[in-house]
Amino acid sequence: MGIEPGRLQFSWISSAEATKFVEVAQAVTETVKALGPNTHFVKHEAKVA
Amino acid sequence: MRAYTEKIREIARRLLEACTVERVLGFRRGSVPMMNAPCFVKTPAEAANLVWDSNCGINLANYLTSRSEKIGIFAKGCDSRNIVTHIIENKIRREQLVIIGVPCHGMIDRHRIAAMADGEIREVVEDENNIIVQGDGFKKVHNRHDVLQANCAVCTHRNPVIYDELVADLVEEPGDVDRYRDVREIEALSAEGKWDFFDDLLHDCIRCYACRNACPLCYCPTCFVDESRPQWVGKSQDPVDVRTFHFLRAYHCAGRCTDCGACERACPVGINMRVFTKKLEKDCLEKFGWEAGLSLEARPPLDAYRPDDPDDFIR
């Protein structure tokens, strides 16, 4: 829909898989940091004329 | 088409006279050209109001939701598939319905015809192959194949999939139709290209929700856009809210949409929001081999678990 690949990620982690959660969280953070700040799907304040 | 109308009136009259059904759902002539209106007929005499031509693009299954009486309904291919979906989703029972199948030759695109006219259209009549459009000081004749609704032009289920009787002989289903060319074109765009494409597509949306109201799938008592606690989506004209509405609505139709085109037809500003539902339709077909509304026995993909479901996007 116009969101860069990598900004949206899916994962299936059981409550018993703490290590996997850490790995995924770190990987997601890194990927998103590399992409930089999100510019799409951001609501700006209404512009008043 | 005149033969269809005669036959439709005759069937409706017979069903009502015999009290087989309490009411019959069909189309009557609209107050403006190309806008036939759905109508319930309750007495045999009223059956004379029913018509059938190339302007019956509204999906009649939309009017069956949670009805309790016995209803006779005229169904094109797409209507019949949405009737199946309604039955599967427990919105109506099969025993309540007398389905009169109408083999469909495709409906005409009112947006396109209006765009091609040189002024206000006063009258639209048709014969076997042509659509004759008349207005103030102009007259145009279109070949009906050139002005079909976009979804009708790529339709592969013209014949009703479920019916008790037929208005006419079944029509030939077109064999090799490339249904998803437009979707593939969008898929091929870059992320930025997609963003711009959808920005452009939805630019004119006024959030009137006509697409939702015309859609037989959108029968939730409270739609997510109308909820205020929690408020899932902003109510403004902000492009983010507009986009959220269209994407979310499309996802609610995943595995259920039959591409009847009612949403696009109902849109007052002519947005082709079918690209969203078609993408999901394409995914359903490619990943799950599913086409909505073809069988009363099969369960839809979002309703069934299979160990071999494609899930390569999940880590």
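In the text below, chain A, chain B and the rest are named by the order of the sequence lines, each starting its count at 1.
Of the inter-residue distances, the one linking B:Arg243 atom CZ with A:His40 atom NE2 reads 7.5 Å to the nearest 0.5 angstrom.
Here the closest heavy-atom approach between residue B:Trp195 and residue A:Phe41 is recorded as CH2-N, 3.2 Å. For A:Val42 against B:Val240, the heavy-atom pair with the smallest separation is O-CG2, 3.7 Å. Closest heavy-atom contact between B:Ala191 and A:Glu4: CB-CA, 4.0 Å.
In the displayed structure, B:Met116 atom CE is contacted under 6.0 Å by more than 12 heavy atoms of other residues, nucleotides or ligands. The number of heavy-atom neighbours closer than 6.0 Å to CZ of B:Arg306, taken from other residues, nucleotides and ligands shown, is above 12. Within a 6.0 Å radius of CG in B:Asp176, other residues, nucleotides and ligands contribute 12 heavy atoms or fewer.
Your options are B:Leu189, B:Asp241, B:Asp196, B:Ile186, and the one with the most heavy-atom pairs under 4.5 Å with chain A is B:Asp241. In terms of non-hydrogen atom pairs under 4.5 Å with chain A, the most contact-rich of B:Asp199, B:Asp311, B:Ile314 is B:Ile314.
Looking at B:Phe198, only its side chain comes within 4.5 Å of chain A, counting heavy atoms on both sides.
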